[in-house]
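Every heavy atom of this structure was used, including side-chain atoms; hydrogens, water molecules and symmetry mates were not. Indexing begins at 1, ligand by ligand and atom by atom, following the structure's order.
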Amino acid sequence: MKLSLVSLTLPLATVALPNVGYARVRNNCTETVWLWSVGTNISAPYRLQQGASYAEQFSRDPITGGRALKITIPENGLYTPGVPQTIFAYNLDGAGIWYDLSDVFGDAFIGKKLVVASAEPTCQKIIWPTGVPPAGSQVKVCTAEKDVTLTLCAD
Ligand SMILES: *[C@@H]1O[C@H](CO)[C@@H](O)[C@H](O)[C@H]1NC(C)=O
Ligand SMILES: *[C@@H]1O[C@H](CO)[C@@H](O)[C@H](O)[C@H]1NC(C)=O
């Protein structure tokens with residue numbers, strides 16, 4: 001019998017949906033960033049220092065459907081007019097997860113590489129080599145069983 005290491009590392013307190021992965025943000029930048037998880041409601045801000053990660057299990061918001069992880073460099077950036085936001089949005093759709101990356105109010109990570117990638121290597125990545133969104137739609141869809149991670153200041 002083969003036990004899955006992954007299942008052993010799930011937090012015991014959360015009611016994990018079977019076969020649904022996590023949306024993750026890993027901050028590899030030297031500067032601290034701030035993250036809000038946004039659906040119908042907006043979470044309290046999460047502070048991510050260099051090397052820190054945020055994760056939430058994929059879910060559907062009962063009203064907005066999709067959910068968004070909004071990131072700013074300044075503290076309180078979500079509530080400060082004109083501060084650039086980088087938005088990792090996802091939409092759980094049955095067995096699939098749709099994911100997208102976008103910027104509003106400017107480009108917070110200009111000059112830095114941003115990558116959104118599934119743990120399933122055959123899924124398409126979103127890569128912004130210089131932190132600036134390319135023209136055209138970036139939306140990808142992949143299996144919802146595997147985590148999808150946004151890495152800030154990737155290699
Ligand atoms: C949003 O917050 C309100 C008030 O705390 C709560 O009653 C509601 O269930 C929340 N909705 C979602 C979709 O999380
Ligand atoms: C994070 O950045 C450092 C250089 O600053 C690099 O060596 C490392 O591989 C990066 N990690 C990832 C996951 O991109």
Side-chain angles (χ1 to χ4, degrees), residues 4-29 31-109 112 114-120 123-128 131 133 136-154:
S4 163
L5 269 183
V6 173
S7 65
L8 295 175
T9 60
L10 289 174
L12 295 174
T14 60
V15 183
L17 302 170
N19 301 325
V20 176
Y22 285 75
R24 297 182 183 276
V25 175
R26 178 181 162 80
N27 181 19
N28 198 42
C29 302
E31 63 243 287
T32 295
V33 306
W34 295 84
L35 179 150
W36 291 260
S37 176
V38 179
T40 303
N41 296 328
I42 304 178
S43 73
Y46 292 85
R47 181 174 186 267
L48 298 181
Q49 288 174 277
Q50 185 176 28
S53 292
Y54 171 84
E56 66 180 37
Q57 193 170 29
F58 297 137
S59 65
R60 282 192 67 78
D61 186 276
I63 295 174
T64 60
R67 299 188 53 81
L69 304 179
K70 300 191 176 186
I71 299 154
T72 72
I73 294 174
E75 185 171 359
N76 213 37
L78 193 65
Y79 301 104
T80 309
V83 167
Q85 300 176 13
T86 293
I87 302 168
F88 171 26
Y90 70 85
N91 202 321
L92 179 62
D93 179 17
I97 190 79
W98 296 82
Y99 48 100
D100 191 22
L101 189 65
S102 59
D103 276 353
V104 292
F105 312 130
D107 302 309
F109 297 97
K112 312 283 173 53
L114 306 183
V115 177
V116 180
S118 171
E120 167 52 54
C123 295
Q124 283 192 291
K125 296 177 181 174
I126 300 171
I127 302 175
W128 294 5
S137 171
Q138 294 274 291
V139 183
K140 312 292 184 200
V141 63
C142 181
T143 171
E145 291 185 15
K146 298 291 177 71
D147 297 354
V148 178
T149 301
L150 164 63
T151 302
L152 307 170
C153 302

- request: Return the minimal non-hydrogen interatomic distance between Cys123 and Tyr99, and the atom names on each side.
  value: CB-OH, 3.7 Å
- prompt: Mind checking what makes ring pair (Phe, Tyr, Trp, His ring centres under 6.0 Å) contact with Phe109, not counting sequence neighbours?
  reply: none
- prompt: Can you pull the residues with any heavy atom under 4.0 Å from ligand 1?
  reply: Thr40, Asn41, Asp61, Pro62
message: According to salt bridge (charged side-chain N to carboxylate O under 4.0 Å, His left out), does anything in residues 31-41 pair up with another residue at least two apart or in another chain? List the pairs.
response: Glu31-Lys112
- request: Quick one: which residue pairs count as a salt bridge (charged side-chain N to carboxylate O under 4.0 Å, His left out) with a foot in residues 44-64, not counting sequence neighbours?
  value: Glu56-Arg67, Asp61-Arg67
field: Minimum-distance pair of heavy atoms, taken over all atoms of Ser37 and Leu35
entry: N-CD2, 4.1 Å
task: Mind listing the closest non-hydrogen atom pair of Ser137 and Val139 along with its distance?
output: OG-N, 3.3 Å
